[in-house]
Amino acid sequence: MASDIKHLEMTLETQVESVNLAEEMCLRVAEAAGFGEDDCYRIGMSVREGVINAFHYGNQERPEKKIHLAVDLTPDKMIIHVLDEGVGFKLSDVPDPLAEENLLSTSGRGIFLMRAFMDEFDVVSGKTGGAEIVMSKKLPAPGSNSPNGQGGHNATPQQEA
Amino acid sequence: MALHATHRDAGIVTVVDLSGRIVLGDGSALLRKTIRGLLDDQRKLILLNLADVDYIDSSGIGELVSGFTAVKNQSGDLKLLHLTKKVKDLLQITKLYTVFDVFTDEGTAVRSFS
């Protein structure tokens, strides 16, 4: 039901400080929604990476452009949208940071981390013409008493290297 | 929490004690400045103590890789000590855990440079 959806949105300046601001805001929402510490970490990191992507790659660090952040809290998941005012990009064009030739690259791991840490992740063409990152995390089951959550579908492996 | 960095000598090795978050902005910039400063002083054997670093984002990872490459390019070595669980997990999923030499004991780490 639409009435069960809580919606929050904010427009951020294209500046480094917006990354922390977005992370803090989404962490508050995630904590209030009942996510455990580990899931909050994964959500916070994903929001950081989404806004960094918009700041650096989408808006090219141009201060006249904005970053649009929206959060929907439905009965079963938290959905985060990060929209930039750039020219957009295709996920298929993003190099694999785990490929041998990219391991020592100094950039290009943000999309990978968002995919790893969230349950659903996609990039669509936004209403501004830029890229819109849409990612979500399932809410913990009521009474699950699981402070740490279960991570994303590709979440952190626990084995030793 | 903002990143703080201090360094000390351990024989031929320079140990850099870091605390805080290595993230886009001042944190990444301070790490870069610290490593470049050590290289300028001809200190090319560097051990980064990450015991008090519990958060690194993709920019921080990029800066670690950049520092590692810069040190290697000057025939030096950069190794990591005392990873927190979150940082260790992050290096594992990005496959960088196998790129860096990682230690849990400072004495062992320092001796590994010789």
Side-chain angles (χ1 to χ4, degrees), chain A residues 14-24 27 37-42 44-57 61 94-118 148 151-161, chain B residues 1-3 20-33 35-36 50 53-74 76-81 83-104:
Chain A
T14 298
Q15 56 188 24
V16 173
E17 291 74 15
S18 294
V19 178
N20 289 333
L21 189 61
E23 179 190 14
E24 287 167 15
L27 276 178
E37 183 183 342
D38 283 1
D39 274 345
C40 281
Y41 163 72
R42 295 180 182 113
M45 174 75 81
S46 299
V47 171
R48 280 193 75 80
E49 298 300 340
V51 177
I52 289 173
N53 188 80
F55 163 79
H56 183 68
Y57 296 103
E61 302 188 17
V94 178
D96 176 9
L98 302 187
E100 194 68 30
E101 65 272 20
N102 297 327
L103 272 187
L104 288 180
S105 171
T106 57
S107 61
R109 296 180 178 85
I111 297 287
F112 170 80
L113 291 177
M114 287 183 271
R115 274 181 154 159
F117 286 164
M118 299 299 279
N148 293 329
H153 290 157
N154 305 307
T156 309
Q158 298 301 311
Q159 80 278 7
E160 295 289 326
Chain B
M1 189 169 88
L3 186 71
R21 289 159 51 109
I22 308 176
V23 296
L24 179 73
D26 293 343
S28 290
L30 177 60
L31 179 59
R32 170 177 287 258
K33 182 181 171 189
I35 293 174
R36 298 307 188 276
L50 301 175
V53 173
D54 65 353
Y55 197 104
I56 301 181
D57 67 9
S58 65
S59 297
I61 294 173
E63 207 50 62
L64 278 178
V65 172
S66 173
F68 175 81
T69 305
V71 172
K72 286 285 188 183
N73 285 343
Q74 294 200 24
D77 212 348
L78 183 148
K79 304 183 182 187
L80 307 180
L81 173 68
L83 304 188
T84 57
K85 182 180 182 303
K86 285 193 176 88
V87 171
K88 180 180 176 182
D89 288 346
L90 203 56
L91 293 186
Q92 283 182 330
I93 63 171
T94 54
K95 285 193 174 179
L96 290 170
Y97 197 76
T98 55
V99 171
F100 290 100
D101 282 339
V102 179
F103 295 87
T104 56

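Note: hydrogens, waters and symmetry copies are ignored here, and every other heavy atom, side chains too, is used. It should be emphasised that the depicted structure is a prediction, and the values quoted were computed from it without experimental measurement.
- Smallest separation of non-hydrogen atoms from Leu90(B) and Met45(A): CD2-CE, 4.2 Å.
- The structure places NZ of Lys95(B) at 11.0 Å from CG of Asn102(A), a figure rounded to the nearest 0.5 Å.
- Ser46(A) is linked by a side chain to side chain donor-acceptor pair (under 3.5 Å) to nothing, counting only residues two or more places apart in sequence or in another chain.
- Looking at heavy atoms from C-beta onward, Tyr41(A) lies out of side-chain contact with Asp54(B) at the 4.5 angstrom threshold.
- By the neighbour-count criterion of 12 heavy atoms within 6.0 Å, atom CD of Glu100(A) is sparsely surrounded, having that number or fewer from other residues, nucleotides or ligands.
- When heavy atoms are compared at a cutoff of 4.5 Å, Leu113(A) approaches chain B solely by way of its side chain, counted from C-beta outward.
- Of the listed residues (Thr94(B), Leu91(B), Val99(B)), the one with the most heavy-atom contacts under 4.5 Å to chain A is Thr94(B).
- Within residues 63-74 of chain B, the residues that have a heavy atom under 4.5 Å from a heavy atom of chain A are Val65(B), Ser66(B), Phe68(B), listed by number.
- In this structure, the salt bridge (charged side-chain N to carboxylate O under 4.0 Å, His left out) partners of Asp101(B), at least two apart in sequence or on a different chain, are Lys79(B).
- Nearest heavy-atom pair across Gly110(A) and Ser58(B) is N-CB, 4.0 Å.
- Counting heavy atoms from C-beta on, the side chains of Leu24(B) and His56(A) never come closer than 4.5 Å.
- In this structure, the salt bridge (charged side-chain N to carboxylate O under 4.0 Å, His left out) partners of Arg48(A), at least two apart in sequence or on a different chain, are Glu23(A), Asp57(B).
- Here Ile93(B) contributes atom CD1 and Arg109(A) contributes atom CZ; the two are 11.0 Å apart, rounded to the nearest 0.5 Å.
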